[in-house]
Amino acid sequence: MNDVQQYADSLADQLNRSIEIDDCGLKPLALTEQHGDLDDVRVRSILQRHSSPEVFEYAFSLDIAHATGPVRFPANPALQTLPRVCIPMRAYGELHGYLWLIDSPPLTDPDITAATSTAGTIAELLHQQSESTATALDREARLVSALLAPPREGRPSAELLGNEPLLEFAEPASVFTTRLAPIGDSGETLDTRALRGATQEVAYARPMGHSLLGHGDDTIHLIVSAEVHDDRLRPFRHALTKAARRRGWMLRGTGVGAAASDLDELRRSGMQSSYAASIAHARKVEQLSWNELGADLVFYGLPWTTDTLEVLFPGASRLFDADNSLIRESLDAYFDCGGDTRRAAAQLAVHRTTLYYRLDRAQQLLGEDWAQGERRAGLQLALRLAMLIRNT
């Protein structure tokens, strides 16, 4: 990186401006001596070598990751930032980082031209190093696949584990899993090549500290310290959303596994996070952790099929015939309201007489004892699982 620093210093002397060179995740690669105005973000970069989550989110609010030329940022009083110019550093169509200049006093066109030229030169240098970076990410993806593989496949080899600090479990780790799905028929196929590209595209947005990034057949996995606050993961989710949209995919829920203190627990955390992601999508929320699943934990490990519905309540599958949809909806409302027919009728926006009629029809389909004891509990579980199936 010494060459990067030299180019940054040369440009700083030429423009009499402070220069910062960041990688794609806004981690400083080079910082020059101070010239001219100074703000809190510049001080943080010098002293702490990273940006706050708020600054990170603001920086990417103008989509600098996909800009092809200089982007001007106005001053932000809330973040106490001066105006800036960001120049994405691209080589051969690939993004390698950003060159930042404080735009106070305003930069001239010749200043911007000189900075853009230097950004291009630095991008060439970083491009030469990118192949080794891609190789490292591929190794990381193989490690994640091995860590989260089914138990029958055994533990990862010592060679693959290497000396990964995160796996020393000085503090517990958790697995974050995001499920992906194509939007219609126009998007890229969810195959290994496309998922590898998406994974490498979002690697820059990982939170500071140790982490591992990989993918499954239709999932992206991120393993981080369990102490990482959700706010620090927002930029990663934002980057993943954009990467998915560009490929014609959508996010189908994110799940967080329980904290793990060894490799066996980490594998379980991966299984839990995948299941929690499915529940999050079924509930139409962005993210759920394992300890937020409540009663839906009862379906963990079960096949989500009509056969399971019949095991839970023999005859339940009849409710899912098209002719019986109103009866099923009425039963859902009846149970949601704790058996209070007045509240259930109001929820359905029907007269109580109509609700009683539908419940009588349910009795004809399911038997006279559908609302009694264990049969009632089984029916509630069957209806809940049916909802999860419908929504996924």
Side-chain angles (χ1 to χ4, degrees), residues 25 53 56-57 60 65 137 140-141 144-145 147-149 166 172-183 187-188 190 194-260 265-297 299-301 304 387-392:
F56 193 105
E57 192 167 352
F60 285 102
L137 287 171
E140 197 173 305
V144 169
S145 294
L147 289 168
L148 305 185
L166 189 65
S174 291
V175 182
F176 285 71
T177 296
T178 298
R179 292 193 172 278
L180 302 166
I183 303 172
E188 286 188 48
L190 267 170
L195 283 162
R196 175 180 182 266
T199 300
Q200 295 189 352
E201 182 178 334
V202 301
Y204 75 89
R206 291 187 279 186
M208 295 289 293
H210 300 299
S211 64
L212 291 168
L213 180 63
H215 62 81
D217 292 336
D218 60 354
T219 51
I220 300 290
H221 302 292
L222 178 65
I223 305 175
V224 296
S225 164
E227 304 301 319
V228 171
H229 192 272
D230 195 51
D231 284 350
R232 291 176 58 197
L233 290 160
R234 280 204 314 264
F236 178 78
R237 183 176 180 84
H238 180 72
L240 184 55
T241 300
K242 285 183 172 292
R245 285 177 181 166
R246 278 192 298 280
R247 289 167 172 79
W249 306 338
M250 62 179 173
L251 274 57
R252 289 172 60 90
T254 295
V256 186
E265 289 182 0
L266 188 65
R267 175 176 280 135
R268 283 196 292 275
S269 182
M271 296 168 64
Q272 294 165 354
S273 66
S274 294
Y275 180 72
S278 296
I279 298 295
H281 179 66
R283 292 189 190 176
K284 303 186 188 318
V285 297
E286 284 189 354
Q287 179 175 304
L288 284 173
S289 62
W290 178 251
N291 61 10
E292 293 175 316
L293 299 188
D296 288 333
L297 286 170
F299 306 118
Y300 179 59
W304 288 14
M387 181 278 292
L388 296 175
I389 294 172
R390 287 198 307 275
N391 289 351
T392 54

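Heavy atoms only: backbone and side chains are in, while hydrogens, waters and symmetry mates are out.
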* Mind listing the closest non-hydrogen atom pair of L166 and H210 along with its distance? => CD1-O, 3.9 Å
* Asked: How far apart are the closest heavy atoms of P172 and A259, and which atoms are they?
  -> CB-CB, 3.8 Å
* Asked: Do you know the tightest heavy-atom contact between F299 and W304?
  -> O-NE1, 3.7 Å
* L180 and L195: CA distance, side-chain angles, deciding distance, side chain to side chain contact (heavy atoms under 4.5 Å, CB included) verdict -> CA-CA 10 Å; L180 302 166; L195 283 162; 3.7 Å; yes
* Given side chain to side chain contact (heavy atoms under 4.5 Å, CB included), test S274 with R179 step by step and report yes or no. => CA-CA 8 Å; S274 294; R179 292 193 172 278; 3.6 Å; yes
* Pairwise side-chain contact, S278 with L388, heavy-atom cut-off 4.5 Å (strictly under) -> no
* **Test item: R247 side-chain N/O and A243 main-chain N/O as donor-acceptor pair under 3.5 Å** => yes
* For E140 and L213, work out which heavy atoms get closest and say how close. => OE2-N, 2.7 Å
* Indicate yes or no: does D296 engage R283 in a salt bridge with an N to O separation below 4.0 Å. => yes
* Asked: Out of curiosity, S269 OG to L147 CG, how far, rounded to the nearest 0.5 Å?
  -> 11.0 Å
* Asked: Just how far is it from atom CG of L190 to atom CG of D217, taken to the nearest 0.5 Å?
  -> 9.5 Å
* Taking R267 for the side chain and A149 for the main chain, is one N or O donor matched with an acceptor at less than 3.5 Å? -> yes
* Structure fact -> Note: A277 and T177 closest approach over all heavy atoms is CB-O, 3.6 Å
* Distance from E57 atom CD to R234 atom CZ, nearest 0.5 Å? -> 4.5 Å
* Are any of the side-chain heavy atoms of L293 and Y275 separated by less than 4.5 Å? -> yes
* In Å, rounded to the nearest 0.5 Å, how long is the span from CD of Q287 to CG of L251? -> 11.0 Å
* Is there a side-chain contact between N391 and H281 (heavy atoms, below 4.5 Å)? -> no
* Asked: Which heavy atom of G270 sits nearest a heavy atom of L148, and at what distance?
  -> CA-CD2, 4.0 Å
* To do: Apply side chain to side chain contact (heavy atoms under 4.5 Å, CB included) to the pair H221 and S145, showing each step before the final yes or no.
  => CA-CA 9 Å; H221 302 292; S145 294; over 6 Å; no
* To do: Enter the distance from L233:CG to H238:NE2 here, rounded to the nearest 0.5 Å.
  => 14.5 Å
* Has the side chain of W290 got a donor or acceptor atom that lies under 3.5 Å from a matching backbone atom of A276? -> no
* To do: Verify side chain to side chain contact (heavy atoms under 4.5 Å, CB included) between I220 and F236, making sure each step is shown before the conclusion.
  => CA-CA 11 Å; I220 300 290; F236 178 78; 4.3 Å; yes
* **R237 side, atom CZ; T254 side, atom OG1 - distance, nearest 0.5 Å** => 3.5 Å
